[in-house]
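Single-structure report; data block below.
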Amino acid sequence: MADKFLTYTKRSDFLVCVDSDGCAMDTMDIKHIRCFGPCMVAEWGLEEWRDAILERWNEINLYTMTRGINRFKGLVKALGEIREKYCEIEELDILEKWVKDTPELSNAALEREIAKKDSICLRKALAWSSAVNQSIDRLPEEDKRPFSGVMEALKRAHRDADIAIVSSANLSAVLDEWDFYGLLEYTDVVLAQDSGSKAFCIQELMKRGYAPDHVLMCGDAPGDMEAAKKNGVYYYPILVRHETQSWEEFVAEGLPKFLSGTYADGYQQEKTQQFLHNLGST
């Protein structure tokens, strides 16, 4: 995990961190609608309530303030509601405890936990997560494309700032998707699920010598905003259902204000309020 941070070399005084799914890549909806939800229904045998469960899964993970939640946190939230409304979920309390206590939410960490304490729910969660990854891998590459304007935004930002992908998605999926569309050319480091939380990744990157007011996190979910807040850096939201406009504004207004030192002059507050309103929290 630490190797990427140790070998990373700062190129510029400015750093722009960019989330992948639902932010740079138009992949969040398709992954949840075609992969995450259906794989949960299949793994736990929930076909009897399929439509209602999938609708609720999408609400949790896409269109409310829990958008972008870690897959395992989203899973325990959904399964908890399913237990209350539809059927028993065997040993769910063991999965809930692992999600609450583990410092690393990943397949590898879950495998280590199963080796220490076997549990049917832990094993089913691992099988589900692995099935999700396989299902995502089978999605056609042309269905996993960047939002309009992302290439132009990365090209422009890379002239004056270092670019870090900071994502909670599977590393191989991020690399494949960004490489397929030629976006890796405009990035300096790729940090995904295996590198730790987004807040941790930003913190470690800042140890390379970036001032807090020279760091900007671009994201589409509350977790991205919280990761920025925890590190005292700026946040630029990519608004769900308004992604193209968000990237156009990033090039026209957000990036220039960030580079000129005027981002805090009312613009950060304005963008935060837009973000919260768009997810229905204000």
Side-chain angles (χ1 to χ4, degrees), residues 1-25 67-73 98-113 150 153-154 157-179 183-238 250 254-255 258-259 261 263-264 268 272:
M1 182 187 293
D3 289 348
K4 289 182 182 178
F5 301 112
L6 292 174
T7 58
Y8 174 69
T9 302
K10 176 173 172 282
R11 182 178 57 86
S12 165
D13 288 335
F14 292 92
L15 173 66
V16 175
C17 301
V18 183
D19 178 44
S20 186
D21 285 3
C23 176
M25 303 298 296
R67 176 181 172 84
I69 192 172
N70 173 274
R71 66 171 62 184
F72 294 110
K73 289 183 178 180
W98 176 73
V99 168
K100 178 176 177 288
D101 295 341
T102 183
E104 180 188 338
L105 288 160
S106 69
N107 284 12
L110 185 50
E111 288 173 354
R112 294 193 293 270
E113 183 67 16
V150 168
L154 291 174
H158 200 239
R159 281 169 27 191
D160 297 302
D162 296 338
I163 307 293
I165 301 173
V166 178
S167 169
S168 58
N170 175 271
L171 175 63
S172 63
V174 173
L175 290 172
D176 288 347
E177 290 158 13
W178 284 60
D179 183 54
L183 301 179
L184 287 179
E185 179 182 349
Y186 306 105
T187 65
D188 296 282
V189 63
V190 181
L191 304 171
Q193 187 184 81
D194 63 317
S195 295
S197 71
K198 291 176 182 177
F200 173 78
C201 289
I202 295 171
Q203 172 188 299
E204 291 300 304
L205 288 170
M206 290 175 71
K207 291 178 181 178
R208 306 268 70 81
Y210 301 102
D213 64 351
H214 280 44
V215 180
L216 177 69
M217 175 71 198
C218 295
D220 62 290
D224 302 317
M225 181 173 67
E226 288 305 310
K229 281 185 178 178
K230 282 182 181 178
N231 287 285
V233 305
Y234 295 131
Y235 176 61
Y236 182 83
I238 302 301
F250 174 79
L255 183 64
F258 171 57
L259 295 174
Y263 200 87
Q268 175 67 95
T272 299

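Residue numbers count from 1 along this sequence. All values reported here derive from a predicted model rather than from experimental measurement.
Side-chain contact between Tyr8 and Leu191 is absent, with no heavy-atom pair separated by less than 4.5 Å. Counting heavy atoms from C-beta outward, Asn231 and Met217 have side chains that stay 4.5 Å or more apart. The shortest side-chain heavy-atom distance between Asp21 and Glu177 falls under the 4.5 Å cut-off. Side-chain contact between Asp194 and Lys4 is present, with at least one heavy-atom pair separated by less than 4.5 Å. At a threshold of 4.5 Å between non-hydrogen side-chain atoms, the residues Asp160 and Phe14 do not count as touching.
Listed by chain and number, the residues in a side chain to side chain contact (heavy atoms under 4.5 Å, CB included) with Thr272 are Met225, Gln268, Leu276 (sequence neighbours excluded). Residues meeting the side chain to side chain contact (heavy atoms under 4.5 Å, CB included) test with Asn70, sequence neighbours left out: Phe72, Lys73, Leu105. Partners of Arg208 by salt bridge (charged side-chain N to carboxylate O under 4.0 Å, His left out), not counting sequence neighbours: none found. In terms of the side chain to side chain contact (heavy atoms under 4.5 Å, CB included) criterion, residue partners of His158 (sequence neighbours excluded) are, by chain and number, Arg11, Ile163, Tyr186, Asp188. Under the rule for a side chain to side chain donor-acceptor pair (under 3.5 Å), Asp213 has no partner lying at least two apart in sequence or in another chain. Remark: Lys229 engages no residue in a side chain to side chain donor-acceptor pair (under 3.5 Å) (not counting sequence neighbours).
Annotation for Gly254 and Tyr236: closest pair CA-CE1, 4.4 Å, computed over non-hydrogen atoms. Among all heavy-atom pairs drawn from Cys23 and Gly219, the shortest one is SG-CA, 3.7 Å. Minimum heavy-atom separation, Leu205 to Cys17: CD1-SG, 4.2 Å. Closest heavy-atom contact between Ser167 and Asp19: CA-OD1, 3.7 Å. Of all heavy-atom pairs between Val18 and Ala24, the closest is CG1-CB, 4.0 Å. A pairwise comparison of heavy atoms in Ala227 and Ala199 identifies CB-N, 3.6 Å as the closest pair.
From Arg159, atom CZ reaches atom OG of Ser12 across 12.5 Å, with rounding to the nearest 0.5 Å. Separating the CD atom in Gln193 from the CG atom in Asn107 is a distance of 6.0 Å, to the nearest 0.5 Å. Rounding to the nearest 0.5 Å places CG of Leu255 at 8.5 Å from SG of Cys218. Here the NE2-CG distance, from His214 to Leu15, works out to 11.0 Å after rounding to the nearest 0.5 Å. Rounded to the nearest 0.5 angstrom, Gln203 CD and Lys230 NZ are separated by 10.0 Å.
Arg67 and Asp220 are joined by a salt bridge, as a carboxylate oxygen and a charged side-chain nitrogen come within less than 4.0 angstrom of each other.
Tyr263 contributes a side-chain N or O that, together with a main-chain N or O of Tyr235, makes up a donor-acceptor pair within less than 3.5 Å. Distance alone, capped at 3.5 Å, is enough to place a donor-acceptor pair between the Asp224 side chain and the Ala221 backbone.
Within a 6.0 Å sphere centred on NZ of Lys10, other residues, nucleotides and ligands contribute more than 12 heavy atoms.
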(request) Start with the C-alpha distance between Leu184 and Ile165, add both sets of side-chain angles, then the distance that settles side chain to side chain contact (heavy atoms under 4.5 Å, CB included), and finish with yes or no. (result) CA-CA 9 Å; Leu184 287 179; Ile165 301 173; 4.0 Å; yes
(request) Applying side chain to side chain contact (heavy atoms under 4.5 Å, CB included), run through Leu216 and Phe250 and close with a yes or a no. (result) CA-CA 11 Å; Leu216 177 69; Phe250 174 79; 3.7 Å; yes
(request) Run the numbers on Tyr210 and Asp162 for side chain to side chain contact (heavy atoms under 4.5 Å, CB included), then give the verdict. (result) CA-CA 10 Å; Tyr210 301 102; Asp162 296 338; 2.3 Å; yes
